[in-house]
Novice: 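Pasting in a structure now, in structure tokens, and then I'll have a few things to ask.
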2 protein chains.
Amino acid sequence: MLLKIENVGQYLRDAGIKPSIQRLKIFEILAKSYEHPTVENIYTQLSPEIPTLSKTTVYNTLKLFQKHGLVMVINIEDNETRYDADTSFHGHFKCNVCGKVSDFNIPNTQPLIESLKGSLITESHYYLKGICAKCRLRTDN
Amino acid sequence: MLLKIENVGQYLRDAGIKPSIQRLKIFEILAKSYEHPTVENIYTQLSPEIPTLSKTTVYNTLKLFQKHGLVMVINIEDNETRYDADTSFHGHFKCNVCGKVSDFNIPNTQPLIESLKGSLITESHYYLKGICAKCRLRTDN
DNA sequence: TTTCAGATTTGTAATGATTGCAAATTTATA
DNA sequence: TATAAATTTGCAATCATTACAAATCTGAAA
Ligand SMILES: [Mn+2]
Ligand SMILES: [Mn+2]
Ligand SMILES: [Zn+2]
Ligand SMILES: [Zn+2]
């Protein structure tokens with residue numbers, strides 16, 4: 001989901017991160033779009049604007065954001081790591097035709113799993129895959 | 001979960017796969033344990049028994065099993081791909097301390113997601129991460 | 001049994017994403 | 001301005017996976 005953050009610099013500072021130009025721009029891409037971009041996506045989008053940008057910086061910055069709880073990693077596909085600035089619990093659906101990864105709300109609160117009593121849960125991910133409505137209309141599925 | 005398959009050879013043949021020694025052994029490791037092994041795990045376990053085994057064969061075989069719907073891929077961690085011969089819908093919990101990936105049942109049936117009406121869902125994964133009860137007792141968490 | 005084609009396995013090289021690391025650059029402080 | 005600390009950068013190294021062609025195996029036909 002689109003995050004409504006009025007001041008990205010302050011948002012980073014509040015999380016204990018000094019907002020450099022690179023960090024600001026990278027975070028903005030994550031927060032101001034629905035796309036769950038990969039490192040490659042982020043790098044390609046920012047390259048024209050910051051021609052000196054290094055892909056290593058994108059990796060480093062995302063690690064930093066992770067450590068401070070500002071982004072979560074989406075492993076819905078094994079050959080692409082995506083990132084999300086919305087760390088609230090929500091599901092992800094990947095269409096195998098157009099490749100888009102979209103959000104969906106999970107209606108009722110998370111069920112308590114009997115067999116996990118006593119464990120500490122720090123992360124939860126709900127992934128669905130298939131073919132989105134739009135692609136189903138355009139193809140024969 | 002432990003799959004109860006009386007005749008693995010027949011099980012493979014029914015799925016349209018000729019049961020070679022390698023395929024049999026690889027599938028048995030998947031079906032007769034709870035461990036959700038990686039390629040590396042499978043290769044290491046079988047190497048003594050099949051000294052000529054190639055890691056490529058493990059990769060090829062798992063791809064083949066996937067194509068025939070006999071295994072599912074578990075992407076709970078971005079640096080390790082795990083495999084599961086139990087393709088029924090169930091959740092996976094990874095303990096960040098001992099590293100084990102265990103199964104859990106999902107009580108109520110999958111909720112119908114309003115926003116995904118019209119899409120075709122072919123795969124669902126529910127992943128939890130944290131610290132298992134055993135590890136919490138041994139540590140201070 | 002021998003022969004031969006097709007299926008399967010193997011070893012090695014190539015690929016591609018991610019990380020390690022040291023130098024270069026930028027920023028903050030005195 | 002001078003200096004130290006933080007950040008970014010470029011490139012090499014690592015590691016999982018895939019591509020590919022040669023080697024081996026299997027099963028049917030002769
Ligand atoms: Mn999301
Ligand atoms: Mn499982
Ligand atoms: Zn689609
Ligand atoms: Zn544990």
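Chain A is the first sequence line, chain B the second, and so forth, proteins listed ahead of strands; every chain is numbered from 1.
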Novice: Does any part of the side chain of A:P37, heavy atoms only, come nearer than 4.5 Å to the side chain of A:I29, both counted from C-beta?
Specialist: yes
Novice: Sequence neighbours left out, what pairs pass salt bridge (Lys or Arg N to Asp or Glu O under 4.0 Å) with at least one residue falling in residues 53-68 of chain A?
Specialist: A:E40-A:K55
Novice: Starting from P on C:dT10, measure out to CG on B:L46 and report it in whole angstrom.
Specialist: 11 Å
Novice: Each nucleotide N or O in nucleotides 17-20 of chain D that has a protein N or O under 3.5 Å away: list the pair and distance.
Specialist:
unit_1, atom_1, unit_2, atom_2, d
D:dT17, OP1, B:T81, OG1, 2.9
D:dT17, OP2, B:Y59, OH, 2.5
D:dT17, O5', B:Y59, OH, 3.3
D:dT18, OP1, B:K63, NZ, 2.8
D:dT18, OP2, B:K63, NZ, 3.1

Novice: Whole angstroms only, please: what is the OH-P distance between A:Y43 and C:dA17?
Specialist: 13 Å
Novice: Scan for side chain to side chain donor-acceptor pair (under 3.5 Å) pairs involving residues 11-33 of chain A, sequence neighbours excluded, and state none if there are none.
Specialist: A:Q10-A:R13, A:Q10-A:D14, A:K25-A:E49, A:S33-A:E35
Novice: Check each residue of residues 8-35 of chain B for a non-hydrogen atom within less than 4.0 Å of any atom in DNA chain C, then write out the ones that pass by number, or none.
Specialist: B:K18, B:S20, B:Q22, B:R23
Novice: Is it true that the side chains of A:H90 and A:N105 contain a donor and an acceptor less than 3.5 Å apart?
Specialist: no
Novice: Would you call the rings of A:Y126 and B:Y126 parallel, tilted or perpendicular, taking 30° and 60° as the class edges?
Specialist: perpendicular
Novice: Atom CG of A:L62 and atom C1' of C:dA17: how far apart are they, to the nearest Å?
Specialist: 13 Å
Novice: Report the distance from atom CD1 of B:I50 to atom P of C:dT8, rounded to the nearest whole Å.
Specialist: 16 Å
Novice: Between D:dA16 atom P and B:N41 atom CG, what is the distance in whole Å?
Specialist: 11 Å
Novice: Using side chain to side chain contact (heavy atoms under 4.5 Å, CB included) as the criterion, list what pairs up with B:T81, not counting sequence neighbours.
Specialist: A:D78, B:V73, B:N75, B:Y83
Novice: Partners of B:N41 by side-chain hydrogen bond (donor to acceptor under 3.5 Å, both in side chains), sequence neighbours excluded?
Specialist: B:T38
Novice: Does the side chain of B:S54 get closer than 4.0 angstrom to OP1 or OP2 of C:dT9 through an N or O atom?
Specialist: no
Novice: From CG of A:L64 over to P of C:dT19, roughly how many Å is that when rounded to an integer?
Specialist: 14 Å
Novice: Cluster question for you: counting only ILVMFWY and a side-chain heavy-atom cut-off of under 4.5 Å, with indirect links fine, are A:I17 and A:I5 together?
Specialist: yes
